[in-house]
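As the structure is a computational prediction, the values presented were derived from the model and not from experiment. All ligand and atom numbering here is 1-based and tracks the order in the structure. The first residue in the sequence is number 1, and the count goes up from there.
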Amino acid sequence: MKIFNTLSRTKEDFVPIEPGKVRMYVCGPTVYNYIHIGNARPMIVFDTVRRYFEYKGYKVNYVSNFTDVDDKIIKKAIEENTTVDVITTRYINECKKDMQDMNVKEATTHPKATEEIDGMIEMIEQLIEKGYAYNADGTVYFRTRAFSDYGKLSKKNIDELQAGHREIQVTGEQGKEDYFDFVLWKPKKEGEPYWPSPWSDGRPGWHIECSVMAKKYLGDEIDIHAGGEDLIFPHHENEIAQSEAANGTTFAKYWMHNGFLNINHVKMSKSLGNFFTVREISEKYDLQVLRFFMLSAHYRSPLNFSQELMEASKNGLERICNAVTRLKDLKGTQEQKMEMPQVQALIDKFEAAMEDDFNTADAISAIFELVKYANIHLNADSPEADIAYTLQTIQTLCDVLGIITDQKTEILDQEIETLIEERQQARKDKNFARADEIRDILTQKGIILEDTKEGVKWKRA
Ligand code: AMP
Ligand code: ZN
């Protein structure tokens with residue numbers, strides 16, 4: 001299996017640290033609002049990477065954090081006149097709901113920064129002891145120049161960067177020895193959440209979170225570290241400096257970065273305001289369509305969001321789901337299983353695409369070819385075993401991509417209640433056709449209605 005490693009800027013063979021196991025860390029969102037579909041890209045892409053490893057028989061330990069202490073969260077709490085805790089609990093729950101609707105598997109562990117402060121203080125103490133960090137009046141900085149490999153991921157050279165920044169002195173950072181030193185711990189400001197530490201009552205810097213959570217849940221050395229390409233510098237560069245300086249060993253073997261999700265060819269971001277939340281998209285499309293759209297491009301390429309591409313994804317997904325439904329309905333003849341070289345060749349094609357740095361776009365075209373094969377060659381006269389094998393193959397490969405092919409869509413309690421109310425109104429209006437139609441819709445979705453003296457009751461079949 002080949003993975004493009006940002007560290008070497010080449011595709012490398014994947015060799016796990018421990019045979020049969022993958023230790024993977026994916027930087028998660030800062031939780032102060034609903035996630036936007038740009039944030040959804042790494043979630044979907046790296047969930048698919050995980051699923052492919054699992055399909056190949058690896059046991060994956062997948063860790064993805066929630067950043068639940070940050071200036072933006074504090075600002076939001078002040079705006080809403082509430083606590084940071086209320087904001088983060090709300091948006092972690094909303095994020096988990098979006099992830100579930102996008103069929104993103106739960107991480108093995110979803111650590112929260114605020115629950116890992118002790119580990120952060122411990123790592124900062126180690127860094128100070130080893131001469132990689134210093135305390136300047138309650139603020140602790142990482143001594144960037146002390147880490148000789150600094151810049152190896154982003155290919156930045158400190159001296160070149162320095163030339164452009166000689167004049168810049170950020171206010172409040174007078175205690176810094178060098179422009180490139182970055183914050184590991186900062187003292188609290190009035191009204192901010194804080195924790196006691198040997199240096200000041202305060203809170204950790206952002207970068208130290210990930211170094212500590214990766215170490216705690218995955219160990220000093222991990223196989224894959226991933227995130228959006230905007231994280232290469234400074235976040236991931238700083239994580240490498242902290243972890244390798246503290247642990248004395250290579251931090252991550254493979255660094256994977258997804259390209260941006262753009263809108264009108266500009267990066268979608270909260271600060272520019274050019275974003276759609278996953279929740280907004282879910283009002284118009286099943287989030288399976290969003291997932292399919294994200295996987296229709298290679299994860300490292302930029303992807304431009306548009307209505308047309310979403311419609312194309314919707315149609316593509318329907319084509320697959322329709323083929324699955326048709327195969328399920330076909331009974332076929334009870335003959336011996338035949339060899340199916342065409343199907344096997346397409347499984348090989350799918351795997352070859354995924355083995356080549358997770359080329360999901362080509363993997364999807366192998367699935368389309370399978371669908372085409374099924375539509376042309378399989379019918380009621382085909383051997384039952386052939387139908388079953390082809391059906392199972394399509395479903396297995398879709399599952400690797402996290403695409404659900406069952407058209408029996410889940411109906412939510414709220415939707416059921418709304419339809420029942422509409423049906424009651426239709427009856428009052430003597431619109432019996434509509435009332436019957438609603439009963440049929442619910443029956444099709446496995447909901448049984450019972451007219452009782454107390455009103456309409458319902459249950460799932
Ligand atoms: P944030 O909450 O901004 O820290 O972002 C969480 C994750 O989403 C990080 O891995 C970012 O790199 C990623 N991300 C943010 N915006 C985009 C975008 N427009 N396209 C792709 N990935 C993004
Ligand atoms: Zn991170």
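Taking the charged nitrogens against the carboxylate oxygens, D70 and R203 have no contact shorter than 4.0 Å, which rules out a salt bridge.
In terms of protein heavy-atom proximity, atom 5 (O) of ligand 1 is closest to N39 ND2, 3.3 Å. Summary of contacts: the protein heavy atom closest to atom 11 (C) of ligand 1 is D230 OD1, 3.5 Å. Annotation: atom 23 (C) of ligand 1 to nearest protein heavy atom, G38 O, 3.3 Å. Annotation: atom 20 (N) of ligand 1 to nearest protein heavy atom, L261 N, 2.7 Å. What sits closest to atom 9 (C) of ligand 1 on the protein, heavy atoms only, is L231 CD1, 3.8 Å. Looking at atom 19 (N) of ligand 1, its nearest protein heavy atom turns out to be M268 O, 2.8 Å. With respect to atom 10 (O) of ligand 1, the closest heavy atom belonging to the protein is G228 N, 3.0 Å.
Side-chain polar atoms of H225 and E239 form a donor-acceptor pair below 3.5 angstrom. In summary, the side chains of Q126 and Y132 do not present any donor paired with an acceptor at a separation below 3.5 Å, with no hydrogens or angles considered.
Residues Y134 and V140 form no side-chain contact, since every pair of their non-hydrogen atoms from C-beta on lies 4.5 Å or further apart.
The shortest separation from a heavy atom of K270 to ligand 1 is not under 4.0 Å, leaving the residue out of contact. At least one heavy atom of P42 sits closer than 4.0 Å to an atom of ligand 1. Within the 4.0 Å heavy-atom shell around ligand 1 one finds G259.
Around the Zn ion (ligand 2), the two atoms NE2 of H235 and SG of C27 are separated by an angle of 120°, to 10 degrees.
Under the 6.0 Å cut-off for aromatic ring centres, Y34 and Y91 qualify, their centroids lying closer than that. Close placement of the F305 and F293 rings is indicated, their centers lying within 6.0 Å of each other. Aromatic pair Y150/F180: centroids not less than 6.0 angstrom apart.
Under a 4.0 Å criterion applied to the non-hydrogen atoms of H36, ligand 1 contributes the atoms 16 (N). Every atom of ligand 1 with a heavy atom of T30 under 4.0 Å away is listed here by number and element: 2 (O), 4 (O).
Using a 4.0 Å cut-off between heavy atoms, N258 contacts ligand 1 through its side chain alone, with no backbone atom that close.
Ring orientation note: the planes of F66 and H110 are close to parallel, at an angle under 30° on the 30°/60° scale.
Per residue E239, closest N, O or S atom to the Zn ion (ligand 2): atom name OE2.
For Q100, the CD atom is loosely surrounded, since the number of other residues' heavy atoms within 6.0 Å does not exceed 12. Heavy atoms of other residues, nucleotides or ligands lying less than 6.0 angstrom from CG of N315 number more than 12.
The nearest N, O or S atom of H236 is not closer to the Zn ion (ligand 2) than 2.8 Å. Taking 2.8 Å as the criterion, H207 does not count as a coordinating residue of the Zn ion (ligand 2), since none of its N, O or S atoms falls below it.
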TODO: Could you please spell out the steps behind the side chain to side chain contact (heavy atoms under 4.5 Å, CB included) verdict for L370 and V343?
DONE: CA-CA 7 Å; L370 264 170; V343 173; 3.9 Å; yes

